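Note that the structure is predicted; figures quoted are calculated from it, not measured. The sequence lines fix the lettering, A, B, ..., with proteins before strands; numbering per chain opens at 1.
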2 protein chains.
Amino acid sequence: MPDAADPAPMTARRKFRREGEERRRQDLIEATLDCVAEYGLQGATLRTIALRAGVTAGLIRHYFPGKEELLQGAYTALVGRMTEQAKAALVMEEASPRQRLAAFVTANLSAPIIDQRVFSLWATFIGRAGADPTLARAHREGYLGFRNEVEAVVAEVLAAEQREPDASQLRRHAIAINAIIDGLWIEGCLAGEMFSPGELAAIGIKAVEAELGLAPLKQDPEK
Amino acid sequence: MPDAADPAPMTARRKFRREGEERRRQDLIEATLDCVAEYGLQGATLRTIALRAGVTAGLIRHYFPGKEELLQGAYTALVGRMTEQAKAALVMEEASPRQRLAAFVTANLSAPIIDQRVFSLWATFIGRAGADPTLARAHREGYLGFRNEVEAVVAEVLAAEQREPDASQLRRHAIAINAIIDGLWIEGCLAGEMFSPGELAAIGIKAVEAELGLAPLKQDPEK
DNA sequence: GGCCTTGTTGCGCAAGTGTATAAATAGCCT
DNA sequence: AGGCTATTTATACACTTGCGCAACAAGGCC
């Protein structure tokens, strides 16, 4: 009785809630992306990630075999979201091919695709592509998927203009248009304040139409 | 005599050579860039860098107050080299503005500017621009410098064609052309094998000429 | 040649890292 | 209500990290 003194836990054990497995995984991945975007790969430690997710570090190992798998999961989620958003701008039915192309360019050069956080994540991960074949392949697949979408719309646009480009020309157009969008996307993410709202999209549309040899729609042709 | 036993250094102290200050700094910065490109920011530890540079880790502190300054120095050196190389393609005298523009595009889309290592470095550092104002400013300055160069050549090209674009048009052209070059540069660095030699340059030149509304030089106009 | 400066090494340290594992408790099932 | 189990916490551990410091020696100077 008297001997077993009061356990007197000086520090109470932390309260916690049990969450569904999928929910926790998503939370952890989101916290990982937050940390990578904010502190870089070196600053994204398990403890920081756990803190951001509102759990303790040990829990991560319950959902991921190790840090590497967590990062891979985070990158996969990021790429998935990016390509999904980019392609979403193409689904508008009942619009002329040209309108769809313009809408596609505009969507890819406006919020939420123009976003500094996403750019930071993209750059941080893609910077490792040279050393990590997994990343390199993931980029390649995403890039080709995106380019094929572009190529499909371009084909529609040119068909509507009674032009019949061969496969080689189509490929070149798609590569060039993809580059235009990528280049403007980067600048918009890195220094958005340098451009007035809608300016990047306008520049992009003009450049794309020039690449395809399309006459401007409304304005008088050049000066 | 007998007491002070043989010091008997089991391991001999490492031999070394004294190098000039500037030489050592450059070596250390180069080793840093190597490590960052190969292992990322997290893998670029003082010990790894020192090993690559052929010195011991402690020496780094003799030349840089801390790791952060070393990384800043490395990034500064990288940016300097990149812009220097990019601009070097413009110095050719005795060439028509159009030839200079084409040469500029070609140079920026060929080796050594198309280079996976440099791209990895660029991406790794620029990914931190969102969180590090120093990096953001460095990028901004480099970008504007590059864009101004582009704008100057564009002005020359259009002047030679008897066209008189206003400042706003010139700005838009420069932004678009810069984006074209950047976008193609990225693809060339990330997946160079996907393009035949000179293909990116050819696509870039065509896209730039389309953006400026220039008729192709040799071939019959379009198809 | 011997000294003196200082570039350079070698080692130690506290903080932080990813991983491993035991102890606790939240919440479902009966 | 009470037990079971899987989720979650907490702690330990081996290792690495950036940094500080004292000893050492390379190479110029007299």
Taking the side chain of A:Arg13 as heavy atoms from C-beta outward, which of C:dT19, C:dA23, C:dG7 is closest to it?
C:dA23
So, OP1 or OP2 of C:dT21: does either fall under 4.0 Å of a side-chain N or O from A:Arg61?
no
Whole angstrom is fine here: how far is it from NZ in A:Lys67 over to P in C:dG16?
15 Å
Please check the phosphate of D:dT8 (OP1 and OP2 only) for any side-chain N or O of A:His62 closer than 4.0 Å.
no
Which part of the nucleic acid does A:Glu19 contact within heavy-atom distance under 4.0 Å: base, sugar-phosphate only, or nothing?
sugar-phosphate
What is the distance from CD1 of A:Ile60 to P of D:dT9, rounded to the nearest Å?
10 Å
D:dT8 phosphate, OP1 or OP2, under 4.0 Å from A:Tyr63 side-chain N/O:
yes
If you measure from the Lys or Arg side-chain nitrogens to the Asp or Glu carboxylate oxygens, is any gap between B:Arg52 and B:Glu38 under 4.0 Å?
yes
Between C:dT8 and B:Arg24, is there an OP1 or OP2 to side-chain N/O distance shorter than 4.0 Å?
yes
Can you check whether A:Thr45 has a side-chain N or O nearer than 4.0 Å to OP1 or OP2 of C:dT17?
yes
If I take atom CH2 from residue B:Trp185 and atom CH2 from residue B:Trp122, how far apart are they, to the nearest 0.5 angstrom?
5.5 Å
From the options C:dT19, D:dA6, C:dT9, select the nucleotide whose nearest atom is closest to the side chain of B:Thr56.
C:dT9
Pairwise 5' ranking along DNA chain D for A:Arg18 and A:Lys15, keeping only the more 5' one:
A:Arg18
Regarding B:Arg128 and the six-membered ring of A:Tyr39, is the cationic atom NZ or CZ under 6.0 Å from the ring centre and inside 45° of its axis?
no
Among D:dG18, D:dT8, C:dT8, the nucleotide that comes nearest once only the side chain of B:Leu46 is considered:
D:dG18
By nearest-nucleotide position on DNA chain C, the 5'-leaning member of B:Arg17 and B:Arg47 is B:Arg17
